[in-house]
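Accompanying notes for the structure given below.
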Amino acid sequence: MNRKDNEPSGYGLVPPELYRLPALQAAPLLLGQHLVRRTEDGEIRCRIVETESYGGIEDKGSHAFGGRRTARTDVMFREGGTIYVYLIYGMYHCLNVVTAGEGDPHAVLIRAVEPLTDADAALMRVYRGKAGRNPSGLSGGPGKLCRALRIDKSLNGLRIDSGGSPLRLEQVEHPKALDIVQAPGINIPYAGEYAELPWRFYLRNNPYISVKDKLETPFILS
DNA sequence: CGTTCGATTTTCT
DNA sequence: GAAAATCGAACGT
């Protein structure tokens with residue numbers, strides 16, 4: 001809840017061009033944007049503070065590596081702006097935003113978010129239960145944030161760039177004003193040489209980041 | 001503080 | 001049948 005650091009530049013949907021970019025370019029641009037989740041209990045607004053890029057058929061860490069198109073990965077091949085949700089380790093969901101063009105599978109994994117207001121945090125704690133006491137326990141991790149926002153496969157394939165969607169993105173902050181760190185990805189050792197590439201991005205010193213890099217390399221948006 | 005390990009089920013080989 | 005873009009409890013130091 002560091003609103004003073006970055007005054008809103010005006011509410012509105014994210015510029016559609018962003019969803020057409022390769023995931024590696026889109027991932028840092030999604031930082032600071034607002035993820036808005038609507039359920040029967042109300043609307044939760046939170047700020048994206050960590051993302052990770054999975055881009056193209058040459059990325060060994062990607063589910064769509066080598067062009068693998070299956071029932072699960074099919075949504076990755078759709079047009080940018082599509083929501084990709086999958087189940088991992090039998091019990092957690094992960095949320096991705098598909099980017100790039102149709103037939104070119106790119107996705108940005110949303111790894112951490114922070115609630116905007118105390119009211120947002122309160123409802124997230126209800127969804128999250130006991131473990132969501134401290135910031136990183138509430139929504140600092142892809143599985144955690146999906147629980148805190150009640151995100152499951154029912155959202156898979158929906159669009160994140162429409163105002164009427166139960167899950168949407170809004171452009172609020174100017175990404176250039178953010179202090180962004182670039183770091184290697186997490187838990188993808190099978191990706192070989194790709195595992196060490198800095199395809200993860202997060203906001204420096206943000207309390208919702210659970211895994212920090214030793215060398216917090218600054219990433220400057222051009 | 002740190003590391004290790006079990007949970008649980010979809011997906012693909 | 002094995003692995004998986006994870007988490008949290010249970011240990012050990």
Side-chain angles (χ1 to χ4, degrees), chain A residues 22-28 30-31 35 46 48-78 80 82-100 104-114 124-157 160 167 181-202 206-214:
Chain A
L24 186 55
Q25 287 178 48
L30 287 172
L31 294 174
L35 185 63
C46 53
I48 297 174
V49 299
E50 184 179 17
T51 60
E52 186 165 330
S53 151
Y54 290 89
I57 61 174
E58 72 281 358
D59 181 356
K60 286 183 187 168
S62 170
H63 291 160
F65 171 64
R68 259 183 37 211
R69 188 166 188 165
T70 63
R72 178 175 65 156
T73 64
D74 187 66
V75 296
M76 288 185 76
F77 288 79
R78 296 195 203 167
T82 301
I83 294 169
Y84 173 38
V85 178
Y86 65 89
L87 184 68
I88 188 69
Y89 298 112
M91 43 171 70
Y92 298 106
H93 294 278
C94 288
L95 169 68
N96 295 253
V97 178
V98 173
T99 72
D104 188 13
H106 287 238
V108 177
L109 173 67
I110 308 301
R111 292 199 59 91
V113 300
E114 70 176 348
M124 287 165 71
R125 261 184 235 110
V126 171
Y127 287 159
R128 191 75 178 74
K130 181 185 163 196
R133 294 299 178 105
N134 56 317
S136 105
L138 179 64
S139 54
K144 298 179 198 176
L145 77 86
C146 282
R147 280 212 175 149
L149 297 177
R150 195 171 267 187
I151 289 168
D152 59 29
K153 288 184 71 178
S154 68
L155 298 172
N156 192 45
I160 207 166
L167 186 67
V181 170
Q182 179 175 213
I186 294 183
N187 287 339
I188 46 169
Y190 53 86
E193 68 271 24
Y194 282 79
E196 291 305 312
L197 295 180
W199 288 355
R200 186 166 64 99
F201 301 88
Y202 61 87
N206 187 282
Y208 289 79
I209 306 303
S210 55
V211 181
K212 293 175 183 171
D213 193 41
K214 290 180 180 175

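This is a predicted model, so every value here is computed, not measured.
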Could you tell me how far C:dA2 sits from B:dG6 if I compare only their P atoms? Round to whole Å.
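Roughly 16 Å separates the two P atoms.
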Does A:Arg133 place a side-chain N or O at less than 4.0 Å from the phosphate oxygens OP1/OP2 of C:dG8?
no
Under 4.0 Å: is that the gap between some side-chain N or O of A:Asn187 and OP1 or OP2 of C:dA5?
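Answer no for this pair, as no side-chain N or O of A:Asn187 is under 4.0 Å from OP1 or OP2.
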Which nucleotide in [options] has an atom nearest any side-chain atom of [X]:
X	options	answer
A:Arg72	C:dG8, B:dT11, C:dA9	B:dT11
A:Ala131	B:dT13, C:dT6, C:dG8	C:dG8
A:Tyr92	C:dA9, C:dT6, C:dA5	C:dT6

If we only count heavy atoms from C-beta on, is the [X] to [Y] side-chain gap below 4.5 Å?
X	Y	result
A:Glu114	A:Cys46	no
A:Tyr86	A:Asn96	yes
A:Phe201	A:Leu30	no
A:Lys144	A:Leu138	no
A:Tyr84	A:Arg78	no

Earlier contact from the 5' end, DNA chain B, for A:Arg69 and A:Ile88:
A:Ile88
When the nearest nucleotide of DNA chain B is assigned to A:Tyr89 and to A:Lys153 on a heavy-atom basis, which residue is associated with the more 5' position?
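Of the two residues, A:Tyr89 wins.
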Please list, by residue number, the residues of residues 51-64 of chain A whose heavy atoms come closer than 4.0 Å to an atom of DNA chain C; answer none if no residue qualifies.
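Within this stretch, A:Tyr54, A:Gly61, A:His63 sit under 4.0 Å of the strand.
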Remember a base hit wins even if backbone is also touched, and classify [X] as base, sugar-phosphate or nothing at under 4.0 Å, heavy atoms.
X	result
A:Leu87	sugar-phosphate
A:Gly143	sugar-phosphate
A:Arg200	nothing

Watson-Crick or G-U pairs under 3.5 Å in DNA chain C, rendered as dot-bracket with [ ] for crossing pairs and | for another strand:
||||.|||||||.
Under the 3.5 Å rule, do the base of C:dA5 and the side chain of A:Tyr86 count as making a donor-acceptor pair?
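Indeed, a donor on one side and an acceptor on the other fall under 3.5 Å apart.
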